[in-house]
Amino acid sequence: MLLLHLLLLLLLLLPISSVNSRRTPPRYKIDLDEHPSQRWNQVITDHLEYLPGVVEETNIFGLGCTSIVAQNSKGEIFHGRNLDYDMTGLLKNITVFVDFVRNGSVVYSGVTFALYNGVLTGQRPGAYSVSLNARYSGAYIDNILMELFTKFKRPVSFFIRDVLENQKTYEEAVNSLSNTHLFSPSYIIVAGTKKNEGVVISRNRWSAANIYPLNMESNQWFLVETNYDNWAKQGDNRRITAIRKLKSIGKERLDEKKMEEVLSTVPVTNNLTVFSTVISPKNPSVFADSTWIWD
């Protein structure tokens with residue numbers, strides 16, 4: 001695990017190639033009223049040519065992410081997210097934006113990958129948004145033991161889908177994401193619609209190791225999480241650069257476009273960045289309008 005972590009850091013530090021061009025991911029509707037075996041048919045059909053590449057990638061390492069939740073001087077909440085992964089080239093071709101609908105209405109939306117039905121980044125419109133970052137904590141055998149304990153029912157990305165579908169409020173989502181047993185450590189970042197509704201949940205397998213919220217009263221108007229504990233000494237240039245950029249923008253000028261600037265700054269975006277997105281749960285359309293794949 002330590003070796004894989006060091007390899008990730010090396011890839012992030014390499015000179016970044018040109019990433020000036022960007023494109024919008026294809027958008028699909030997944031009808032929750034349909035049988036689960038039928039819901040993803042169109043998504044799978046459109047991406048069958050990439051299936052051999054997914055099957056061949058059996059040794060995957062290098063999951064790294066940047067998630068930001070910030071509040072401007074008007075009390076508006078913005079959730080920024082870059083997803084970095086070692087399978088960058090392949091994942092860019094299978095990244096999709098999905099609206100999960102029931103009775104014709106959107107229950108929640110997410111950015112995910114064709115041929116994979118978990119969600120690492122999602123929004124329940126008008127309520128809250130969630131992103132998942134990897135946390136490197138504990139031995140791999142602990143993951144296996146927790147898989148047995150939970151009977152393989154709670155991979156984190158599938159659990160996030162369950163939360164988005166069933167937890168209607170920010171408070172309910174934070175409580176569930178903080179206290180439910182999971183079989184791998186993680187950082188779960190949640191943004192809401194009201195003042196100070198933003199939090200970084202540092203998860204152990206059993207519960208939250210730390211819950212770090214926004215607090216405008218103490219001038220904590222943004223939180224930046226990459227892949228390190230916020231209470232530990234860090235030298236992650238992604239986090240350092242994002243903090244510096246947010247401070248230069250200031251809470252008075254922060255909006256979705258300024259958050260895009262933060263996410264687009266090197267090395268916050270880097271050779272491993274697959275996609276970027278900005279979410280403002282109070283204004284649900286921001287999510288689809290501000291999601292892009294790096295080319």
Side-chain angles (χ1 to χ4, degrees), residues 1-14 60-71 78-86 120-121 129-143 145-146 156-157 159-160 174-175 177-191 196-248 259 262-263 265-273:
M1 179 62 70
L2 177 60
L3 177 60
L4 296 183
H5 202 181
L6 290 173
L7 287 169
L8 167 61
L9 290 174
L10 177 61
L11 285 168
L12 292 174
L13 290 172
L14 288 172
I60 302 170
F61 70 89
L63 173 63
C65 310
T66 299
S67 289
I68 302 167
V69 58
Q71 181 173 198
F78 297 95
H79 187 166
R81 195 290 201 275
N82 281 356
L83 186 137
D84 306 333
Y85 212 100
D86 183 50
L120 304 175
T121 312
S129 56
V130 183
S131 62
L132 176 72
N133 288 21
R135 183 177 185 228
Y136 302 98
S137 174
Y140 185 70
I141 187 63
D142 294 333
N143 289 353
L145 293 173
M146 185 55 80
V156 185
S157 62
F159 175 57
I160 287 175
V174 170
N175 180 64
L177 293 165
S178 299
N179 295 300
T180 303
H181 296 335
L182 303 174
F183 68 63
S184 61
S186 56
Y187 300 107
I188 303 175
I189 298 83
V190 190
N196 289 334
E197 285 193 344
V199 68
V200 174
I201 305 168
S202 300
R203 278 299 312 257
N204 291 329
R205 295 171 180 83
W206 298 98
S207 61
N210 180 267
I211 298 176
Y212 188 35
L214 289 174
N215 190 334
M216 288 291 279
E217 285 69 27
S218 62
N219 202 35
Q220 186 67 59
W221 61 275
F222 65 80
L223 305 171
V224 178
E225 180 57 60
T226 52
N227 304 101
Y228 301 90
D229 294 337
N230 61 67
W231 60 90
K233 185 177 180 179
Q234 301 181 32
D236 187 342
N237 284 332
R238 294 170 300 163
R239 184 174 187 272
I240 292 169
T241 302
I243 290 173
R244 185 182 300 123
K245 184 71 173 178
L246 285 161
K247 287 182 176 178
S248 71
M259 183 64 81
V262 178
L263 297 175
T265 304
V266 177
V268 182
T269 184
N270 55 75
N271 290 303
L272 297 183
T273 304

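Since this is a predicted model, take the numbers as computed values, not measurements. Keep in mind that the numbers below use all heavy atoms, side chains included, and drop hydrogens, waters and symmetry copies.
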Novice: Which atom pair, heavy atoms only, marks the closest approach of Leu177 to Arg203?
Specialist: O-NH1, 2.8 Å

Novice: Trp231 vs Asn210, test: side-chain contact (heavy atoms from CB on, under 4.5 Å). Steps then yes/no.
Specialist: CA-CA 9 Å; Trp231 60 90; Asn210 180 267; 3.2 Å; yes

Novice: Which distance, rounded to the nearest 0.5 Å, do you find between the CG of Leu132 and the CD1 of Ile188?
Specialist: 6.0 Å

Novice: Determine the minimum heavy-atom distance between Ser178 and Ile211, stating which atoms define it.
Specialist: OG-CD1, 3.6 Å

Novice: Are Ser67 and His79 close enough that a side-chain donor and a side-chain acceptor fall under 3.5 Å?
Specialist: no

Novice: Any non-hydrogen side-chain atom of Tyr228 less than 4.5 Å from a side-chain atom of Arg238?
Specialist: yes

Novice: Do the non-hydrogen side-chain atoms of Asn133 and Ile189 ever get within less than 4.5 Å of each other?
Specialist: yes

Novice: Of the non-hydrogen atoms in Thr241 and Pro267, which two are nearest, and what is the gap between them?
Specialist: OG1-CD, 3.3 Å

Novice: Going through the checks in order, is the side-chain contact (heavy atoms from CB on, under 4.5 Å) test met by Leu223 and Leu214?
Specialist: CA-CA 7 Å; Leu223 305 171; Leu214 289 174; 3.8 Å; yes

Novice: Using only heavy-atom distances, determine whether the side chains of Asp84 and Asn270 contain a donor-acceptor pair under 3.5 Å.
Specialist: yes

Novice: Could you please spell out the steps behind the side-chain contact (heavy atoms from CB on, under 4.5 Å) verdict for Met259 and Phe222?
Specialist: CA-CA 11 Å; Met259 183 64 81; Phe222 65 80; over 6 Å; no

Novice: Nearest 0.5 Å, please: how far is OG1 in Thr265 from NZ in Lys245?
Specialist: 4.5 Å

Novice: Would you compute the distance between atom CZ of Arg135 and atom CD of Glu225 and round it to the nearest 0.5 angstrom?
Specialist: 9.0 Å

Novice: Could you walk me through whether Asn82 and Val268 satisfy the side-chain contact (heavy atoms from CB on, under 4.5 Å) test, starting with their C-alpha distance in whole Å, then the side-chain angles of each, then the deciding distance to 0.1 Å, before giving a yes or no?
Specialist: CA-CA 8 Å; Asn82 281 356; Val268 182; 3.7 Å; yes

Novice: Of all residues at least two apart in sequence or in a different chain, which pass the side chain to side chain donor-acceptor pair (under 3.5 Å) check with Thr121?
Specialist: Arg81

Novice: Say you draw a straight line from CG of Leu263 to OG1 of Thr269; how long is it, rounded to the nearest 0.5 Å?
Specialist: 8.5 Å

Novice: Just so I know, are the side chains of Leu246 and Trp221 near enough to count as touching, which here means a heavy-atom distance under 4.5 Å?
Specialist: yes

Novice: If you define the side chain from C-beta out and look only at heavy atoms, does anything of Gln71 sit under 4.5 Å from Met216?
Specialist: yes

Novice: For the CG atom of Asn227 and the OG atom of Ser186, what is their distance to the nearest 0.5 Å?
Specialist: 11.0 Å

Novice: CG/Asn271 to CG/Asp86 distance, rounded to the nearest 0.5 angstrom?
Specialist: 11.0 Å

Novice: Please say which of Asp229, Asn230, Thr226 ends up in a side-chain hydrogen bond (donor to acceptor under 3.5 Å, both in side chains) with Tyr187.
Specialist: Asp229

Novice: Cut-off 3.5 Å, side chains only: do Gln220 and Tyr212 have a donor facing an acceptor?
Specialist: yes

Novice: Please examine the side chains of Leu83 and Leu120, heavy atoms only from C-beta on, and report whether any two atoms are closer than 4.5 Å.
Specialist: yes

